[in-house]
Amino acid sequence: MRAFARRVPQLLHLAVPPSSPSPPHPLLTTFAGLCQRGAFSDAIAAMASLDALGLSADSISYSNLIKLCVRHRAVEQGRLVHLHLTSGCRAPELFLCNSLMGMYVRFGLIDEARQVFDAMPVRNVVSWTTMISALTNLKLDEEALRLLNSMQREGIAPNMYTFSSVLRACPTSASLRSIHGCILKHGLESDAFVRSSLIDVYSKFGDLDYGYRIFNETATPDLVVWNSLIGCFAQGGDGYMAINLFTQMKKAGFFADQSTLTSVLRACTGMVLLEMGRQVHVHVLKYNRDLILSNALLDMYCKCGDLEEAHEVFCRMPEKDVISWSTMISGLAQHGRSSDALTLFESMKVFGPKPNHITILGVLFACSHAGLLEDGWLYFRSMRQLWDIEPGREHYGCMVDLLGRAGKLDEAVKFIADMNFEPDIVIWRTLLGACRVHKNANLAAYAANQVLRLEPEDEGSHILLSNIYADSHQWTEAEQVRMSMRDRRVKKEPGRSWIELGKIIHVFVAGDMSHPQADGIAKELSKLLRRTTTLGYIPDTDFVLHDVGEEQKEESLRYHSEKLAIAFGVMNSSGVKPIRIMKNLRICGDCHAFAKLVAKSERVTIIIRDHVRFHHFKDGVCSCGDYW
DNA sequence: GTAGGGTTAG
């Protein structure tokens, strides 16, 4: 055997005359050079010549050319390369098929990518992953999961690339746990990409603690893993934790990038921390071309009450998208600047992007809060015609608000009855609010009962209903409502107001006098009550339960959290900057009247943000025009 | 040739 093997070369030498291998066709050499150098259009032209001569080049050149198509976003040329590779019934090799799929995915041509995928005689993990991640990006979750199963059935093991993208397609936390199990089985749980996805998806299912646990098990989290966690807390409503983690991240030696800053701004927005938001703004400056970050900054200024700065940010944005416009329009509307909001919307129609359903919500909000009945109807009706936007539940809610505030209660009821869907609690609460403003007791009782049917523990509706009965001397009914409250142990979410002073947040809870300066605040409050009384302030006891004596009612109004905050704000006011107060609940009518008069008597501007909108109090009037 | 994190309302 050994002797034979030694003889083979000699035999070959005899059979084939000695000659050097034939040189490649010069066009092939040229083509390879063009593809390598990135001479895109010349390479495409050379490919056409190859076609004419029936020549095929090497895979590396084709791979380079596909990359060039992607870089030049040249869809048609990409298709030509595809055609060239399959001409003469050739099947491109696996590696090139994957490249072609990737190209189509980047072009957003999922169907064409799928055709390449389906035609492949052999597929590897890259082929499957390219398809799966394209599907998850398009939110075609079911199909993505189906492909994950198929690939496993065909004996192809998913890798970390596959899992990091397919995790986002989990429809339930049960399916997430099942895929998490697969990840552990394949030993891929320590991959940073897989981890950040796991943290993200567990948090999206509301399990922030589990996300945090995965984070804590990460020996060396990278920036994206930090960002995942910070983002999850910021979005999940725990802004304090988000900011805390941000501090820890900096201590661990990482620098915040656009994503970190966006999440931190969102946390500031959620907690209404204007001063902290301003500090973050300094770091945002170097990323002024980042649209998402700029939008977050804009929103922070709107929601934290500095509309001038928000407008400044908006004007300076080199590029604006539909979110930028919508945020600014809603911001103006929430600050009571309805006509500015509508003017901006008109200019958006001319210079801006196509409005979406959220833009229209801001516009309708502006109309309803300024009593612009006709405009509201016009915008509502034009949604379908002009922008092909189907009005959703929220738009109907805005219209009920618009009609209700304008005192057209009968029309509002008819509008609700004509809706295509069942009215939800938001609609009934809206109608109830309008009934309270326009003092329609019968309809209010009806609306309140609808709210309580859907949400039996709604405190505001209980109080309102009880007061309506008490005012019309229906004592039995009033007593029944109060008993129902006791039985259900309806608990009021305590009213909380807060002021950011320096770097300290001073929180005031209704009736709580535990603040270190409580004595001073009580004295200031008494002084303010005296001064405003001379200007005509009369405690409005509609906002407390009518089952106590008048004196007690006044006493309970006196220590509403926003009154404590106003007193504290006036004590610490320089008289130049506005006093900014944030409140977790809606401002009460009595405190609203009080704030107007304090602004007048103390010559200060008070800005109170309740959970719906902003009130700017100045010279005895409020920007909401008492219409909120 | 395949992968992870951030923005508007509710």
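Chain letters run A, B, ... following the sequence lines, proteins first, then strands; residues in each count from 1. Computed over heavy atoms, backbone and side chain alike; hydrogens, waters and symmetry mates excluded.
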Interatomic distance, A:L364 CG vs B:dG10 P [rounded to whole Å]: 11 Å

Residue list, salt bridge (Lys or Arg N to Asp or Glu O under 4.0 Å) with A:R453, at least two apart or on another chain: none

Face-on cation placement of A:R123 at A:F117 ring, 6.0 Å and 45° thresholds: yes

Would you tabulate the side-chain donor-acceptor contacts of residues 232-242 of chain A under 3.5 Å, counting partners in other chains and residues two or more places apart, or write 'none'?
from, atom 1, to, atom 2, distance (Å)
A:Q235, NE2, A:G231, O, 3.3
A:D238, OD1, A:M241, N, 3.1

Contacts of A:D306 that satisfy salt bridge (Lys or Arg N to Asp or Glu O under 4.0 Å) - sequence neighbours left out: A:R278

Per A:K303 side chain, nearest of listed nucleotides B:dG4, B:dA9, B:dG10: B:dA9

Integer-rounded Å distance: B:dA9 P and A:Q235 CD: 13 Å

Between C1' of B:dG10 and CZ of A:R393, the distance in whole Å: 11 Å

Listed nucleotide nearest any side-chain atom of A:D191, set B:dG4, B:dA3, B:dA9: B:dA3

Side chain of A:R106 (C-beta onward), nearest among B:dT2, B:dT7, B:dA3: B:dT2

Whole angstrom value for the distance that separates C1' of B:dA9 from CD of A:E390: 18 Å

Side chain of A:T130 - closest among B:dA9, B:dG4, B:dT2: B:dT2

Residue pairs involving residues 90-110 of chain A (criterion ring pair (Phe, Tyr, Trp, His ring centres under 6.0 Å); sequence neighbours excluded): A:H82-A:Y104

Of residues 146-169 of chain A, the positions that come close to DNA chain B - non-hydrogen atoms, cut-off under 4.0 Å: A:N159, A:M160, A:Y161, A:S164, A:S165, A:R168

Distance, nearest 0.5 Å, that separates CD1 of A:I329 from CG of A:L344: 4.5 Å

Nearest-angstrom distance from the residue atom CD1 of A:I183 to P of B:dG4: 13 Å

Sub-4.0 Å heavy-atom contacts from residues 242-269 of chain A onto DNA chain B, ordered by number: A:D257, A:Q258, A:S259, A:T262, A:S263, A:R266

A:N584: partners by side-chain contact (heavy atoms from CB on, under 4.5 Å), with sequence neighbours left out: A:E493, A:R496, A:W498

Atom-pair distance (CG on A:L198; C1' on B:dA3), nearest Å: 13 Å

Distance-only donor-acceptor pairs under 3.5 Å for side chains of residues 389-397 of chain A, two or more places apart:
from, atom 1, to, atom 2, distance (Å)
A:E390, OE1, A:R384, NE, 3.1
A:E390, OE2, A:R384, NE, 3.1
A:E390, OE2, A:R384, NH2, 2.9
A:R393, NH1, A:E422, O, 2.9
A:H395, ND1, A:G392, N, 2.9
A:H395, NE2, A:H357, O, 2.8

Carboxylate-amine/guanidinium proximity below 4.0 Å for A:R79 and A:E112: yes

Inter- and intrachain pairs under salt bridge (Lys or Arg N to Asp or Glu O under 4.0 Å), touching residues 341-364 of chain A, at least two apart: A:E346-A:K349

Proximity to DNA chain B (any heavy atom under 4.0 Å), residues of residues 316-347 of chain A only: A:I323, A:S326, A:T327

Contacting residues from residues 284-301 of chain A, given that a heavy atom lies under 4.0 angstrom of DNA chain B: A:D290, A:I292, A:L293, A:N295, A:D299

Cationic tip of A:K250 above A:F255 ring, under 6.0 Å, 45° of axis: no

Atom-to-atom span, CE of A:M131 to C1' of B:dT2 - whole angstrom: 12 Å

Sugar-phosphate only, base, or nothing, as touched by A:A192 at under 4.0 Å among non-hydrogen atoms: base

Integer-rounded Å distance: B:dT2 P and A:L94 CG: 13 Å

From CA spacing to verdict: salt bridge (Lys or Arg N to Asp or Glu O under 4.0 Å), A:D200, A:K204: CA-CA 6 Å; A:D200 202 46; A:K204 297 253 154 72; 2.9 Å; yes

Salt-bridge present (A:R146, A:E142; N to O < 4.0 Å): no

Candidates B:dG4, B:dT2, B:dG6 - which lies nearest the side chain of A:K204: B:dG6

Side chain to side chain donor-acceptor pair (under 3.5 Å): pairs with one or both residues in residues 259-274 of chain A, sequence neighbours excluded: A:N227-A:T260, A:D257-A:T260

